[in-house]
Trainee: 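Got a structure here, written out as structure tokens. Questions coming.
Values reported hereafter were calculated over all heavy atoms of this structure, with side chains retained and with hydrogens, waters and symmetry mates removed.
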Amino acid sequence: MVDTKLQDGASAALWTCRFFLYIVILAFSATIVGLDGRKGDNIWNDDLHYDSTVINFCAYSASSVVEGGDHGACRYVMALASISLILVFFLWLFTFVDVLYPVLTKFWFVELGVNVFQTLWWLTGAIVVTAKRPSSSVMDALSLTKDINTIEGLSWINFAFSLFLCGVAVADGLLVGDRTSSSGKQQNTGANNA
């Protein structure tokens with residue numbers, strides 16, 4: 001499987017970069033889903049017991065624990081990471097599976113389009129997550145600082161990696177895609193036989 005991807009230095013570097021970054025974005029997106037959705041972390045908890053009361057709580061935009069924050073933001077963060085998880089899984093699958101990789105190389109502009117969407121998606125998401133950060137009193141009261149910082153940081157990293165993957169898709173299409181056949185091996189144009 002790897003043999004067809006590693007015919008020359010350029011295609012090997014692009015394949016390795018693409019493969020690694022897709023795995024990292026998958027892992028970071030799954031981490032965000034886990035942190036946002038796990039009630040024990042109290043970022044989004046519809047059954048939070050605090051000061052002898054039960055609160056329907058979302059940490060984003062919360063200025064106090066009793067107030068509860070913006071539930072739309074909690075749903076948005078879950079959608080942000082979940083949609084990215086699905087899209088990147090398919091890109092990773094096309095990168096990893098030997099039979100599908102030539103399709104990704106041939107239709108590099110589709111991969112570029114998905115990565116441009118991902119870049120804009122994560123930029124918007126990272127801005128929203130950062131702007132809707134809960135107050136420090138809420139983060140201290142519920143020990144959320146580490147989890148909120150993790151979600152913010154991973155969102156910005158996913159944005160940066162998606163932006164870099166746009167460049168990888170362009171480089172793959174312009175530098176490697178026209179030199180390789182559907183199997184990833186060097187083309188025999190007839191000029192090589194003369």
Trainee: Ser155 and Trp122: side-chain donor and acceptor closer than 3.5 Å?
Mentor: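 Absent: no donor and acceptor within the cut-off.
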
Trainee: Can Leu91 and Asn115 be said to form a side-chain contact (heavy atoms from CB on, under 4.5 Å), step by step?
Mentor: CA-CA 9 Å; Leu91 289 174; Asn115 283 325; 3.8 Å; yes

Trainee: Say you draw a straight line from CZ of Arg18 to OG1 of Thr95; how long is it, rounded to the nearest 0.5 Å?
Mentor: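 Those atoms lie 5.0 Å apart.
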
Trainee: Counting only heavy atoms from other residues, nucleotides and ligands, does the tally under 6.0 Å from CZ of Phe20 exceed 12?
Mentor: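 Count not over threshold, so no.
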
Trainee: So Ile151 and Ile43, do their side chains get closer than 4.5 Å, heavy atoms only?
Mentor: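 Sidechains of Ile151 and Ile43: in contact.
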
Trainee: For the pair Phe57 and Val138, evaluate side-chain contact (heavy atoms from CB on, under 4.5 Å) and give the outcome as yes or no after the intermediate values.
Mentor: CA-CA 11 Å; Phe57 182 77; Val138 170; 3.7 Å; yes

Trainee: If I take atom OG from residue Ser29 and atom CG from residue Leu85, how far apart are they, to the nearest 0.5 angstrom?
Mentor: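 It comes to 5.5 Å.
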
Trainee: Please determine whether side-chain contact (heavy atoms from CB on, under 4.5 Å) holds for the pair Thr130 and Trp156, giving the CA-CA distance in whole Å, both sets of side-chain angles, and the decisive distance to 0.1 Å.
Mentor: CA-CA 9 Å; Thr130 303; Trp156 284 107; 3.0 Å; yes

Trainee: Heavy-atom count check: over 12 atoms from other residues, nucleotides or ligands less than 6.0 Å from Tyr76 OH?
Mentor: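 Enclosed: over 12 neighbouring heavy atoms sit under 6.0 Å from OH of Tyr76.
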
Trainee: What are the two closest non-hydrogen atoms of Met78 and Asp36, and how far apart are they?
Mentor: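 Looking at all heavy atoms of both residues, the shortest contact is N-OD2, 3.4 Å.
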
Trainee: Would you call the rings of Phe107 and Phe109 parallel, tilted or perpendicular, where under 30° means parallel and over 60° means perpendicular?
Mentor: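 Phe107 and Phe109: perpendicular rings.
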
Trainee: Which residue, Thr150, Ile148, Val77, forms the side chain to side chain contact (heavy atoms under 4.5 Å, CB included) with Leu35?
Mentor: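 One option only clears the test, and that one is Thr150.
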
Trainee: From Trp15 CH2 over to Phe19 CZ, what is the distance, rounded to the nearest 0.5 angstrom?
Mentor: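 Reported value, rounded in 0.5 Å steps: 5.0 Å.
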
Trainee: Atom CZ of Phe159 and atom CG of Leu123: how far apart are they, to the nearest 0.5 Å?
Mentor: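 That separation rounds to 4.5 Å.
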
Trainee: For Ile32 and Leu80, run side-chain contact (heavy atoms from CB on, under 4.5 Å): C-alpha distance rounded to whole Å, both residues' side-chain angles, the deciding distance at 0.1 Å, then the answer.
Mentor: CA-CA 9 Å; Ile32 292 171; Leu80 171 74; 5.7 Å; no

Trainee: Donor-acceptor pair, Thr119 side chain versus Ser162 backbone, under 3.5 Å?
Mentor: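 Answer holds: yes.
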
Trainee: What I'd like to find out is whether the side chain of Val170 reaches to under 4.5 Å of the side chain of Trp108, using heavy atoms alone.
Mentor: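 Yes, close enough: below the 4.5 Å cut-off.
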
Trainee: Rounded to the nearest 0.5 Å, what separates atom CG in Leu165 from atom CD in Glu111?
Mentor: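 Nearest 0.5 Å value for the CG-CD distance: 7.0 Å.
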
Trainee: Considering non-hydrogen atoms only, spot the tightest contact between Cys74 and Ala59 and give its length.
Mentor: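 Closest approach of Cys74 to Ala59: SG-N, 4.2 Å.
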
Trainee: Would you say Arg133 and Asn149 are linked by a side-chain donor-acceptor pair, where the criterion is simply a distance under 3.5 Å?
Mentor: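 The answer is yes; a qualifying pair exists.
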
Trainee: Determine the minimum heavy-atom distance between Ser63 and Ser135, stating which atoms define it.
Mentor: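 Heavy-atom minimum between the residues: O-OG, 3.3 Å.
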
Trainee: Once rounded to the nearest 0.5 Å, what's the spacing between atom OG of Ser136 and atom CG of Leu144?
Mentor: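 Going from OG on Ser136 over to CG on Leu144, the span is 11.5 Å.
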
